[in-house]
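Predicted model only: the values in this text are computed from it and were never measured.
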Amino acid sequence: MSNQSNETVHLAIYNALADWETGHAIAHINQAAWQREPGRYSVKTVGLDLEPITTIGGVRMIPDMTIADLDPADSAMLILPGASTWEDGSLAPFAAKAQEFLANDKPVAAICGATYGLATAGVLDTRLHTSNVDFYLAASGYGGAHNYRDESAVTDRNLITAGATNQIEFARDILGRLDVYTPEVLDAWYRLYAHSDASAFAVLAAA
């Protein structure tokens, strides 16, 4: 049965966005199959402005809205993909919005370069986190190195972080935080997509 009240998950998009890093998460947020409450969530894209962007894979995407107009009260989660532009400071407005989300008890999920942007903004100084590798974040000069964990994905309170090659663990933690699937289905989803465990499909088929 579909939920009558739809919640929006906001996906940040910008030039050089790493296509693969959020694909599993947004596809399965939007796909009703196996979900606890089909139709509960939809995904909208958020840009610095409304101009089209081009991903690292050469795909053009058009933002649905601007980051300046995004109110955490109207969002279920902000997802921040990686991009080389995080390192030059041009995406600082997204890090500032992430701080606003966290201050309002709303979840943020950041992967790869986005973790660098959050580190630069001081967001990771007080939260457990991970990234591509510890010395990558250390180059930002941030004060949270003692909170770094060498894991595929880390969730601390409302912040999910992951490295560039851990997009499936990133998606798992996003889907779990949003309560998209029951715990049994989420475990089966992860076993299927991360490990090609054919036995997991029976659990999904029965959901």
*Kindly write out the residues that satisfy side-chain hydrogen bond (donor to acceptor under 3.5 Å, both in side chains) with Lys106, not counting sequence neighbours, or none if the list is empty.*
none

*Which ILVMFWY residues can you reach from Val203 by hopping between side chains whose heavy atoms are under 4.5 Å apart?*
none

*Is there a side-chain contact between Leu91 and Leu48 (heavy atoms, below 4.5 Å)?*
yes

*asked:* Test: salt bridge (Lys or Arg N to Asp or Glu O under 4.0 Å). Region: residues 168-192. Which pairs qualify, not counting sequence neighbours?
replied: Arg36-Asp179, Asp187-Arg191, Arg191-Asp197

*Do Trp86 and Tyr136 sit in the same hydrophobic cluster, where Ile, Leu, Val, Met, Phe, Trp and Tyr count as joined when their side-chain heavy atoms come under 4.5 Å apart?*
yes

_Suppose we call two aromatic rings close when their centres sit under 6.0 Å apart. Are His24 and Phe170 close by that rule?_
no

*Distance-only side-chain donor-acceptor flag, Ser42 / Asn6, under 3.5 Å*: yes

*Strictly by modelled atom types, are Thr85 and Asp88 linked by a side-chain donor-acceptor pair under 3.5 Å?*
no

*asked:* Within the 3.5 Å criterion, strictly below it, is a donor on Glu37 or Tyr181 matched to an acceptor on the partner's side chain?
replied: no

*Any chance you could lay out the ring pair (Phe, Tyr, Trp, His ring centres under 6.0 Å) test for His10 and Phe94, step after step, and finish with the verdict?*
CA-CA 11 Å; His10 289 91; Phe94 290 98; over 10 Å; no

_Distance flag, aromatic centroids of His28 and Tyr193, threshold under 6.0 Å_ = yes

_For Pro63 versus Thr45, what's the shortest heavy-atom pair and its separation?_
CA-OG1, 3.4 Å

*Counting distance only, does the side-chain N/O of Gln167 pair as donor-acceptor with the main-chain N or O of Trp20 below 3.5 Å?*
no

*Group every Ile, Leu, Val, Met, Phe, Trp and Tyr by side-chain heavy-atom contacts under 4.5 Å, then state whether Met65 and Ile29 land in the same group.*
yes

*So, for Glu21 and Gly82, which heavy atoms are closest and what is the spacing to 0.1 Å?*
OE1-N, 2.7 Å

*Given the rule that I, L, V, M, F, W and Y join up when any side-chain heavy atoms are under 4.5 Å apart, are Leu50 and Leu70 in one cluster?*
no

_On a heavy-atom basis, which atom in Ala76 and which in Glu7 lie closest, and how many Å separate them?_
CB-OE1, 3.9 Å

*asked:* side chain to side chain contact (heavy atoms under 4.5 Å, CB included) for Ile79 and Val9? Distances and angles first, verdict last.
replied: CA-CA 8 Å; Ile79 300 177; Val9 174; 3.6 Å; yes

*asked:* Please report the interatomic distance OG(Ser84) to CG(Asn15), rounded to the nearest 0.5 Å.
replied: 9.0 Å

*Calculate, to the nearest 0.5 Å, the distance between atoms CG and CG belonging to Asp69 and Asp49 respectively.*
11.5 Å

*Connected hydrophobic set around Leu128, excluding itself, where side chains approach under 4.5 Å*: Val154

*Measure the spacing between OG1 of Thr182 and CH2 of Trp34 and express it to the nearest 0.5 Å.*
12.0 Å

*Verify side-chain hydrogen bond (donor to acceptor under 3.5 Å, both in side chains) between Asp19 and Thr55, making sure each step is shown before the conclusion.*
CA-CA 6 Å; Asp19 307 61; Thr55 72; 2.6 Å; yes

*Kindly work out whether a path of hydrophobic side-chain contacts (I/L/V/M/F/W/Y, heavy atoms less than 4.5 Å apart) joins Val43 to Tyr41.*
yes

For residues 115-125, tabulate all N or O donor-acceptor pairs below 3.5 Å that involve a side-chain atom, not counting sequence neighbours.
residue: Thr115; atom: OG1; partner: Cys112; partner atom: O; Å: 2.6
residue: Thr115; atom: OG1; partner: Ser131; partner atom: OG; Å: 2.6
residue: Thr120; atom: OG1; partner: Tyr116; partner atom: O; Å: 3.0
residue: Asp125; atom: OD1; partner: Gly143; partner atom: N; Å: 3.0
residue: Asp125; atom: OD1; partner: Gly144; partner atom: N; Å: 3.1

*Would you call Val108 and Ile160 a side-chain contact if the rule is heavy atoms closer than 4.5 Å?*
no

*Give, for atom CG of Leu17 and atom OG1 of Thr22, the distance between the pair rounded to the nearest 0.5 Å.*
6.0 Å

*Taking C-beta and beyond as the side chain, do Tyr14 and Ser90 meet within less than 4.5 Å on heavy atoms?*
no

*Would you say Ile174 and Leu204 are hydrophobically clustered, going by side-chain heavy atoms of ILVMFWY under 4.5 Å?*
yes

_Donor-acceptor contact present, side-chain Gln35 to main-chain Gln31, <3.5 Å_ = yes

*Which atoms form the tightest heavy-atom contact between Ala171 and Ala25, and what is the distance?*
CB-N, 3.6 Å

*Leu159 and Thr161, any side-chain heavy atoms less than 4.5 Å apart*: yes

*asked:* Given 3.5 Å as the limit, does a donor-acceptor pair link the side chain of Asn132 with the main chain of Ala164, or not?
replied: yes

*Should Phe135 and Tyr148 be marked as a side chain to side chain contact (heavy atoms under 4.5 Å, CB included) after you check the CA-CA gap, both sets of side-chain angles, and the distance that decides it?*
CA-CA 10 Å; Phe135 55 80; Tyr148 188 90; over 6 Å; no

*Among pairs that include at least one residue of residues 49-70, which meet ring pair (Phe, Tyr, Trp, His ring centres under 6.0 Å), considering only residues two or more places apart or in two chains?*
none

_Nearest-0.5 Å distance that lies between atom OG1 in Thr155 and atom CZ in Arg157_ = 12.0 Å

*Heavy atoms, side chains only, cut-off 4.5 Å: are Pro93 and Ile67 in contact?*
yes

*Hey, does Ile13 have a side-chain heavy atom less than 4.5 Å from the side chain of Val46?*
no

*Could you walk me through whether Ile168 and Asn166 pass the side chain to side chain contact (heavy atoms under 4.5 Å, CB included) check?*
CA-CA 6 Å; Ile168 297 177; Asn166 300 113; over 6 Å; no

*asked:* Return the OG1 to CD distance between Thr130 and Glu151, rounded to the nearest 0.5 Å.
replied: 7.0 Å

